[in-house]
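First comes the structure, then the notes that go with it.
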Amino acid sequence: MENLIALLVAAPLLGAAVLLCGGRRLDAVGHWIGTALAAVSFVLGVVLFADMLGKSPENRTLMQHLFSWIPVEGFQANVGFQLDQLSMTFVLLITGVGSLIHLYSIGYMEHDERRRRFFGYLNLFLAAMLLLVVADNYLLLYVGWEGVGLASYLLIGFWQHKPSAATAAKKAFLVNRVGDMGLSIAIMLMFTTFGTFAFGPVFQATGALTSGADAPGSEGKLTAIGLMLLLAACGKSAQVPLQSWLGDAMEGPTPVSALIHAATMVTAGVYLIVRSGDIFNAAPDAQLAVTVVGAVTLLFGAIVGCAKDDIKKALAGSTMSQIGYMVLAAGLGPIGYAFAIMHLVTHGFFKAGLFLGAGSVMHGMNDEVDMRKYGGLRKYMPITFVTFGLGYLAIIGFPGLSGFFSKDKIIEAAFAKGGAEGWILGGAALLGAAITAFYMTRVMLMTFFGEERWRHAPTPSPAEPSVEPAAETRGAHAEPHPHESPKVMTIPMIVLAVGSVFAGAFFGIGERFVKWLEPVTGFEHGHPPVSALTVTLSTVAVMVVGVGFAYAQYGRRPVPVVAPRGSLLTRAARRDLLQDDFNHVVLVRGGEHLTRSLVYVDHTLVDGVVNGTAATMGGLSGRLRRLQNGFARSYAVSMFGGAAVLIAATLLMRAV
């Protein structure tokens with residue numbers, strides 16, 4: 001069975017190679033090849049999962065060593081895989097949701113001339129993400145980490161003829177490079193501290209280091225490693241302060257948003273933190289930083305999502321917020337690790353379904369993304385309405401659906417942290433639940449209910465760029481004729497909607513998911529200052545309040561086609577709470593001023609010293625050169641003068 005692990009990665013990697021190198025002769029079947037190989041990887045994952053279930057919990061880890069990558073004295077880097085309960089969860093999520101999105105993309109990208117290349121990039125992404133989660137050491141994980149970054153860059157900028165898409169791809173690439181530096185520094189620190197970067201030896205050495213005689217000095221080393229790992233997670237998972245790329249990444253095709261920015265890539269940071277749980281458990285300061293980042297981001301993303309009229313960007317703010325919940329749970333240690341992954345899985349179902357639903361709406365609305373130009377679409381797109389609605393109910397935590405079970409557990413674990421910290425974190429999580437209910441109800445009402453505003457929406461000017469370039473082949477900005485999407489798109493939406501409804505109950509009842517992950521992540525029962533029933537009732541209450549406020553503003557009142565000016569907070573939220581403005585002032589302008597200062601120092605001080613020395617030596621050499629002019633009379637005068645000086649000196653000394 002161990003040999004199947006490599007095939008998990010090899011199947012989509014083969015698809016990427018064939019589709020990207022096969023040429024135009026594969027244009028007619030390339031999308032089917034990419035989808036089939038993604039499905040093969042999913043089937044292999046199911047086979048490995050069934051085999052794992054047949055073993056006792058402590059014997060479920062599979063190891064596969066392929067070859068020695070860098071075998072030199074004192075530095076051993078191997079290509080090896082580790083498949084345990086944690087990585088298996090990600091394998092099933094990546095390949096299962098990924099296969100559905102491949103199938104959806106067949107219909108969504110039907111008219112795109114470069115569809116074969118698109119599916120090649122999707123396969124490349126799956127291969128890189130699978131390598132990331134099955135690697136048995138941090139260096140090989142880093143290879144998958146960078147592969148995911150490359151594939152994300154290619155997919156976000158797939159329609160690179162649009163300046164906005166090309167800019168968004170570069171922005172995502174550069175912001176993620178900052179996080180990647182954190183991971184590379186963490187790996188270096190691991191090697192210099194432990195002499196290895198393999199998971200098992202690192203975690204064993206972490207325990208020995210904290211319990212040994214040098215324990216007082218070990219916490220600083222582990223804290224540094226933990227903070228660098230957190231920086232890496234912030235980049236991939238779009239957490240504060242490296243969150244600015246996620247909203248712009250919506251410039252890519254909608255299936256990209258569903259796959260990379262909802263179900264897989266943005267969860268890589270959560271995987272990294274949970275996988276490194278032993279390090280964070282031994283570094284409480286780094287662990288506290290994780291919870292702070294998660295709490296701040298879940299509120300940040302929720303507020304941004306409230307003000308977006310672009311349906312995809314509203315969901316992007318939601319993604320940022322929901323990943324914040326996962327990071328918050330991961331920062332709680334063994335109390336929250338399993339709940340972080342549980343919410344990650346349920347989020348993979350309902351958020352991927354929501355993005356595909358948004359793509360279906362755009363497909364039927366000539367790729368219009370402004371929700372103010374929607375309204376009343378439920379009777380024109382009944383399947384999209386129902387599947388999107390189930391995803392909506394799941395994300396707001398409606399009782400009985402998947403988000404209710406996973407988010408409720410995170411809020412309960414946050415309160416269980418105890419003391420003032422527990423109340424602050426739990427309060428932030430509750431507030432985030434209320435805001436989530438508000439902005440998602442807003443999306444639902446503006447899209448599927450109310451007046452059919454698209455009938456009299458103003459036609460955009462020709463200079464206004466289309467958000468979905470595929471619209472160029474489908475008649476973008478023509479008069480909308482809402483219609484349901486084809487079955488190749490609606491079937492994946494239905495499957496994801498089923499997961500949105502039942503996944504939480506399946507995992508949550510009887511702590512089935514907690515027991516599944518416990519051999520890898522550990523688990524501690526928290527003791528919140530209030531009962532679990534109180535937390536549940538509070539979560540439901542704030543959800544109802546959020547829905548009520550949204551209904552009062554967008555359900556009972558007409559929605560203007562042109563957005564009103566809004567309050568100061570609303571205008572700031574439309575600009576992503578000024579995150580790009582902050583980056584421009586602090587980083588871009590700050591970098592420009594730093595560069596000018598360094599150039600001034602270089603020109604004035606460094607070049608001044610060098611040029612001054614050169615000028616001095618040039619002046620001296622020019623004057624000395626006059627003594628060697630090649631004229632015999634000059635040499636005779638010099639000899640006569642020298643002889644006269646010697647004679648005068650001799651006579652003077654005799655006289656004295």
Side-chain angles (χ1 to χ4, degrees), residues 31-32 34-35 38-39 42 92-112 115 118-119 122 126 250 252-264 311-312 314-316 318-319 322 345-369 371 374 377-396 398 401-403 440 443-444 446-449 468 470 474 482-504 506:
H31 49 288
W32 291 113
T35 304
F42 173 66
L92 293 176
L93 177 67
I94 294 166
T95 57
V97 175
S99 297
L100 291 173
I101 293 173
H102 274 70
L103 182 62
Y104 176 95
S105 300
I106 292 175
Y108 191 85
M109 302 294 291
E110 180 180 3
H111 301 287
D112 196 293
R115 181 167 61 167
F118 179 77
F119 277 83
L122 286 183
L126 284 188
M250 297 303 108
T254 299
V256 174
S257 304
L259 177 64
I260 295 182
H261 309 121
T264 51
I311 188 171
K312 289 175 65 178
L315 294 178
S318 172
T319 296
Q322 297 304 307
V345 174
T346 59
H347 177 266
F349 282 109
F350 59 68
K351 184 52 66 65
L354 288 169
F355 267 114
L356 295 189
S360 180
V361 170
M362 294 162 57
H363 183 273
M365 290 292 292
N366 293 333
D367 295 281
E368 178 62 67
V369 296
M371 294 185 294
Y374 292 166
L377 295 180
R378 67 186 186 279
K379 57 186 177 182
Y380 300 98
M381 305 177 185
I383 298 177
T384 300
F385 167 65
V386 172
T387 56
F388 193 96
L390 291 174
Y392 152 73
L393 292 175
I395 194 175
I396 68 173
F398 190 84
L401 275 70
S402 60
M440 285 306 304
V443 171
M444 197 71 186
M446 292 178 69
T447 302
F448 295 103
F449 293 89
E468 294 280 353
R474 298 204 293 259
H483 58 277
E484 189 57 88
S485 299
K487 290 183 179 180
V488 73
M489 295 173 63
T490 57
I491 290 175
M493 293 159 55
I494 293 171
V495 175
L496 291 171
V498 172
S500 301
V501 174
F502 298 108
F506 178 78

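Keep in mind that this is a model prediction, so the values were computed, not measured.
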### Query
When rounded to the nearest 0.5 angstrom, what distance separates NE2 in H363 from CD in E484?
10.0 Å
### From CE (M493) to CG (L354), nearest 0.5 Å
10.0 Å
### Query
Mind checking what makes side chain to side chain donor-acceptor pair (under 3.5 Å) contact with S318, not counting sequence neighbours?
K351, Y439
#### Entry: Distance in Å, T254 OG1 paired with L259 CG, rounded so as to fall on 0.5 Å steps
12.5 Å
## Note on the structure
Those residues at least two apart in sequence (or on a different chain) that pass ring-ring contact (aromatic ring centres under 6.0 Å, His included) with F118 are F158
### Query
Is there a side-chain contact between I94 and L126, using heavy atoms and a 4.5 Å cut-off?
yes
### Closest heavy-atom pair and its distance - A352, V97
CB-CG1, 4.0 Å
### Query
Is a donor on one side and an acceptor on the other found under 3.5 Å between the side chain of T387 and the backbone of I494?
no
### Task
Could you pull out all residues at least two apart from F388 that satisfy ring-ring contact (aromatic ring centres under 6.0 Å, His included)?
F448
### Summary
So CZ of R378 and OG1 of T447: to nearest 0.5 Å the spacing works out to 12.0 Å
### Candidate pair M440 and L315, rule side-chain contact (heavy atoms from CB on, under 4.5 Å), full reasoning
CA-CA 8 Å; M440 285 306 304; L315 294 178; 4.0 Å; yes
#### Entry: ring-ring contact (aromatic ring centres under 6.0 Å, His included) involving H102 - partner list, sequence neighbours excluded
F119
### Message
Set out, in order, the CA-CA distance, both residues' side-chain angles and the distance that settles side-chain contact (heavy atoms from CB on, under 4.5 Å) for I101 and F355, then state yes or no.
### Response
CA-CA 10 Å; I101 293 173; F355 267 114; over 6 Å; no
### Message
Any non-hydrogen side-chain atom of E110 less than 4.5 Å from a side-chain atom of M489?
### Response
no
### Message
For the CD1 atom of I491 and the CG atom of L100, what is their distance to the nearest 0.5 Å?
### Response
10.0 Å
### Message
With a 3.5 Å distance limit and no angle check, can you tell me whether S402 reaches the backbone of G504 through a side-chain donor-acceptor pair?
### Response
no
### Task
For S257 and K312, work out which heavy atoms get closest and say how close.
OG-CE, 3.5 Å
## Note on the structure
In this structure, CE of M446 is separated from CE of M371 (nearest 0.5 Å) by 4.5 Å
### Query
What's the shortest heavy-atom distance between T35 and S99, and which atoms?
CG2-O, 4.5 Å
### Message
Tell me if the centroids of the rings in F449 and F385 come within less than 6.0 Å of each other.
### Response
yes
#### Entry: Closest heavy-atom pair and its distance - V369, Y374
CA-OH, 3.4 Å
## Note on the structure
side chain to side chain donor-acceptor pair (under 3.5 Å) filter on S360, not counting sequence neighbours, yields T384, S485
### Query
Are I106 and W32 side-chain neighbours, meaning at least one heavy-atom pair lies under 4.5 Å?
yes
### Message
So which atom in G499 and which in F349 form the shortest heavy-atom distance, rounded to 0.1 Å?
### Response
CA-CD2, 3.7 Å
#### Entry: Considering all heavy atoms, the nearest A394-L401 contact
N-CD2, 3.6 Å
### Query
Residues two or more places apart in sequence or in another chain: which of them pass ring-ring contact (aromatic ring centres under 6.0 Å, His included) with Y104?
Y108
